[in-house]
Amino acid sequence: MVSPIERRKVALIPIQDELSLRVGKVMEALGLEGDPLIRVAQDEQFGDYQSNCAMGLAKKLGRKPRDVAASIVDKLQIDDLCEPPQIAGPGFINFRIKPGHLAERLKTIRPAPVPGRDRLGIDPADHPEVVVVDLSSPNLAKEMHVGHLRSTVIGDCVCRILEFFGHTVYRENHVGDWGTQFGMLVAHLRHVRPEVVNEPDKLEIQDLESFYVEAKERFDRDEEFRKESRQTVVALQSGDETTMRIWKAFCDESLRHCHKIYDRLGVRLLDRGESCYNDLMNEVIRRLEQGADADGNPLARESEGALCVFMDGFKTREGEWLPLIVRKSDGGFNYATSDLATLIHRIEELEATRIIYVVGLPQKQHFEMIFAATRKAGWAGDHIRLEHLGFGSVLDAAGRPFKTREGGTVKLKDLLDEAVARAREVVTQEDEHSKRDQSLSPKQIDEIAETVGLASIKYYDLSHNLNSDYRFDFKQMLDMEGNTAPYMLYAYARVKAIGRKAGVVFEELPADAPVVIEHPSELRLALTLARFPEALAVAARELRPNVLTDYLLELSKAFSRFYDRKLGVRVIDASPDEVRLSRLKLCDLTARTLKLGLGLLGIETLEQM
RNA sequence: GCGCCGCUAGCUCAAUUGGAUAGAGCAUCGGUCUACGGAACCGAAGGUUUCAGGUUCGAAUCCUGAGCGGCGUACCA
């Protein structure tokens, strides 16, 4: 006997999984092994889902694919879910979901509980994990620039998705707060702001970028200053109290700059810079020098004066091994050392079983080597997943590396400001043409512009495949139509307006509101709504935000058709009551799905725009 | 030199990882409509998936080679 809770769970298994389960069972009964290969049908005319398993099986069995498909269909008990399956082409099994089943499915989704807690009936993961996500991680020596956008936005999205599924997520901001350049910066700071020694908390630096340039300029010009800078590095490394205080004041001020941006973007982060791992550096070296790999060979050895780890799979064809240098010939450490130290901390202290680095693709090889070294040293067992979630670069509209006209880096703040300014133009312009009763107040326009501007940047970034570079184009990302944030936000605002106009508070729709699916546009919308869990599951499994954006676009389009004058249905003035209620419920579900989906992308919705 | 990644419609990008006639959105052209937010909807056109071979029932996807572009390749991060 199935308990009510289990029954609820069963009812909410994504359709795709349900089909997979059913077909899998039949395959088992027939003594067939393999994946049922259930896919969303790519062409509506074939149905809603299809199974592609028959062709592969036929080959193995030496039978005709269509016969295999027929024997599966023959034994399949599935009439509660869909129309009789059709066999087509070389041996596809096509499924069309029954409207009644969709209605049942949507009915089980209860009205939204506490705002922000809406799960749309999706269960958390069965086995929650401790996950570290390494994201953003700017260098504190300078201002944040375009190069930090993707890591921050993608990383935040990944965190939100993992958190939604109930995992414990450490959002690690592994900022660059250590290294030789800080000697120079601290020395410079001490000269131009001597008061920092006594009042470190009051330090304010308007522009970190020009501060860095000043320091660098002096470093290149002034022999005496160069010497001082190097001494400062030594002082930092030996933990000299005054030097540390100035250094910390600088880092804190730089972090305040960063967090202004994070706050604006709605990104929450845990700052834990490289310097936090200083004490672990020697431990890394100690372990590497004393430990042995699985074959009993030393983990590290000296080469050309540097301490290196050599690993299988990282050598040239000539047989030259590619080293991972963990101690330079001058005795200093480098980023490989600190990355290894950080990994030890994350595995042994945070007890993470999954560590995800959201860092650009150019560093792919570096992470492969770091991971390989960690495995070789035995610090990460098989149960620990180490992943590099790489992404392509942001290019300008001409496809060149994103730079200012003068060739400098573009500050992230300037980029956000420009997006908001352009969004304001769009919002103002559209407001004048709007059919709403009241136009927006200046204050509303400001708020809307801020949300739309930032949302546009995020959405545009997330809607691209992680793997590829993309061209940053304000005009495209702020377009009211197409796969953009403004279109999505508009769709949401429009649905919410329906509720207001109908005099219905969506949250107060009866829990047992009927769902009636009759019209083709209702069917399409219902099917799309029911697919949210599987789209989200794919996005989560493969850590691919653009799967989610694609789905949301699909949903928006399905809604627009549903609400269309010609091809859609009436909603507010629909009758009888049962039908009206059902359509309002579809509106409610659309709004909630958009809100939840956009929320997981890190995008705020607007009730009105 | 070696390695990794990319090349898909005029443009910007997808393609659930080997499935049916390769899909969207811009832009273009045409259509719907006294209207629940038209900031909409429908349709047309647009392709030898860089090229050449191969693997198989079936390839944008896998293999081999070539071309173009980007990145990495011993002490920056």
Side-chain angles (χ1 to χ4, degrees), chain A residues 16 37-43 45-46 50 52 55-56 58-59 64-65 88-92 94 137 139 176 179-181 274 303-308 314-318 320 322-330 332 334-336 338-339 360-366 368 390 392-393 395 397 399 401 426 429-430 433-437 460 463-465 467-471 473 475-476 479-484 486-487 490-491 493-498 501-502 534-535 538-539 541-542 544 546-547 550 553-554 557 560-561 563-574 608-609:
Chain A
Q16 197 166 0
L37 293 173
I38 305 292
R39 299 286 122 93
V40 173
Q42 64 170 1
D43 193 327
Q45 79 182 44
F46 298 128
Q50 63 186 53
N52 300 336
M55 285 82 79
K59 170 121 185 162
K64 288 183 183 166
F92 298 105
N94 290 328
S137 308
N139 187 339
T180 49
Q181 55 193 334
E274 290 170 24
S303 169
E304 296 176 32
L307 187 66
C308 307
F314 296 96
K315 53 180 172 180
T316 63
R317 199 163 55 178
E318 288 75 30
E320 287 172 34
L322 210 58
L324 180 71
I325 296 175
V326 293
R327 191 181 59 209
K328 301 188 285 184
S329 51
D330 68 2
N334 61 8
Y335 72 134
S338 78
D339 278 344
L361 243 15
Q363 294 201 50
K364 184 176 164 161
Q365 184 176 268
H366 168 70
E368 281 172 353
S393 315
L395 308 174
V426 175
Q429 199 181 343
E430 297 295 346
H433 299 141
S434 171
K435 276 188 67 238
R436 272 188 312 266
D437 308 334
Y460 195 69
S463 63
H464 287 89
N465 194 330
N467 235 349
S468 46
D469 297 345
Y470 77 87
R471 300 179 179 213
D473 186 335
K475 199 163 161 294
Q476 270 201 40
D479 201 318
M480 289 302 306
E481 280 156 36
N483 193 9
T484 64
Y487 178 83
Y490 173 69
R494 201 158 62 131
V495 190
K496 296 299 279 193
I498 294 169
K501 184 98 172 186
E534 62 197 47
V538 172
R541 174 160 40 88
E542 302 181 10
R544 287 181 43 197
N546 77 308
V547 170
D550 283 355
L553 176 65
E554 192 96 339
K557 287 197 301 190
S560 282
R561 196 186 299 193
Y563 200 60
D564 184 64
R565 288 167 194 158
K566 189 75 182 255
L567 291 155
V569 294
R570 304 299 298 177
V571 175
I572 295 175
D573 51 11
Q608 197 181 346
M609 69 180 277

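Chain A is the first sequence line, chain B the second, and so forth, proteins listed ahead of strands; every chain is numbered from 1.
Nearest-nucleotide mapping onto RNA chain B: of A:Glu542 and A:Ala493, the residue sitting toward the 5' end is A:Glu542.
Remark: side-chain polar atoms of A:Asn52 are not paired, donor with acceptor, to backbone N or O of A:Arg39 under 3.5 angstrom. A donor-acceptor distance shorter than 3.5 angstrom exists from the side chain of A:Asp564 to the backbone of A:Leu567, with no hydrogens or angles considered.
As judged by a 4.0 angstrom heavy-atom cut-off over every strand, A:Asp339 is placed among residues making no nucleic acid contact. Residue A:Asp330 is classed as having no contact, given no heavy-atom separation below 4.0 Å to the nucleic acid. Nucleic acid contact class of A:Gln45 (heavy atoms, under 4.0 Å, all strands): base. Heavy atoms of A:Ile325 sit under 4.0 angstrom from at least one base atom. Residue contacts shown for A:Pro323 include a base, since a base heavy atom lies under 4.0 Å away. If you check every strand for non-hydrogen atoms under 4.0 Å, A:Ala88 touches a base. Among the protein residues, A:Tyr563 comes within range of the nucleic acid bases, having at least one heavy atom under 4.0 Å from a base atom. Contacts of A:Val569 with the nucleic acid, taken as non-hydrogen atoms under 4.0 Å apart, include base atoms. Nucleic acid contact for A:Gln363: base, since at least one base atom lies under 4.0 Å from a heavy atom of the residue.
OP1 or OP2 of B:C41 lies within a sub-4.0 Å distance of a side-chain N or O belonging to A:Ser560. Of the side-chain N and O atoms in A:Arg471, none sit less than 4.0 angstrom from OP1 or OP2 of B:C11. Distances shorter than 4.0 Å separate some side-chain N or O of A:Lys501 from OP1 or OP2 on B:G37.
Spacing of C1' atoms, B:U8 relative to B:G69, comes out at 16 Å, to the nearest Å. Separating the P atom of B:U55 from that of B:A60 is a span of 16 Å, rounded to the nearest Å. Comparing the P positions of B:G65 and B:G25 gives an interatomic distance of 40 Å, to the nearest angstrom. With both ends at atom C1', the span from B:C5 to B:U50 equals 16 Å, rounded to whole Å. Distance check on atom C1': B:C7 versus B:A52 gives 16 Å, rounded to whole Å. When the C1' atom is used for both B:G46 and B:C29, the distance is 11 Å, rounded to whole Å. As rounded to the nearest Å, B:A59 and B:A20 have C1' atoms that lie 13 Å from one another.
Applying the 5.5 angstrom centroid cut-off and the 30 degree plane-angle cut-off, the aromatic ring of A:Phe92 is stacked upon the base of B:A20. Both geometric conditions, a ring-centre gap below 5.5 Å and a plane tilt below 30°, are fulfilled for A:Tyr490 over the base of B:A39. Stacking is found between A:Phe46 and the pyrimidine-like six-membered ring of the B:A20 base under the 5.5 Å centre-distance and 30° plane-angle cut-offs.
For the pair A:Asn94 and A:Gln50, the tightest heavy-atom approach, listed with the atom from each and the gap, is OD1-CB, 3.5 Å.
A:Glu534 meets the side-chain hydrogen bond (donor to acceptor under 3.5 Å, both in side chains) test with A:Tyr49; sequence neighbours excluded. By the salt bridge (charged side-chain N to carboxylate O under 4.0 Å, His left out) test, A:Glu554 pairs with no residue at all, sequence neighbours left out. Partners of A:Asp573 by side-chain hydrogen bond (donor to acceptor under 3.5 Å, both in side chains), not counting sequence neighbours, listed by chain and number: A:Arg570.
Classification of B:U17 as syn follows from a glycosidic angle within 90° of 0.
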Within the sub-3.5 Å range, which N or O atoms of nucleotides 23-29 of chain B have a protein N or O partner, and how far apart are they?
unit_1 : atom_1 : unit_2   : atom_2 : d
B:A24  : O3'    : A:Lys557 : NZ     : 3.3
B:C26  : OP1    : A:Glu481 : OE1    : 3.3

Can you pull every protein N or O that's under 3.5 Å from an N or O on nucleotides 6-9 of chain B?
none

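The OH atom of A:Tyr460 sits 13 Å away from the C1' atom of B:A14 (whole-angstrom rounding). In this structure, CG of A:Asn465 is placed 14 Å from C1' of B:A60, rounded to the nearest angstrom. Distance, A:Leu324 CG to B:A77 P: 12 Å, rounded to whole Å.
You'll find the side chain of A:Phe314 stays beyond 4.5 Å of the side chain of A:Leu324, heavy atoms only. In this structure the side chain of A:Tyr487 reaches within 4.5 angstrom of the side chain of A:Lys557, judged on heavy atoms.
Ring-plane geometry between A:Tyr470 and A:Tyr460 is classed as perpendicular, the angle between the planes exceeding 60 degrees on a 0 to 90 degree scale with a lower cut at 30.
Donor-acceptor pairing under 3.5 Å, judged by distance alone, is present between the side chain of A:Ser303 and the base of B:A74. Side chain A:Ser329 to base B:C75: a donor-acceptor pair is found below 3.5 Å.
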Please convert RNA chain B into dot-bracket. A pair counts if it is Watson-Crick or G-U wobble with both distances under 3.5 Å; crossing pairs go in [ ] and bases paired with another strand get |. (((((((..((((.....[...)))).(((((.......))))).....(((((..]....))))))))))))....
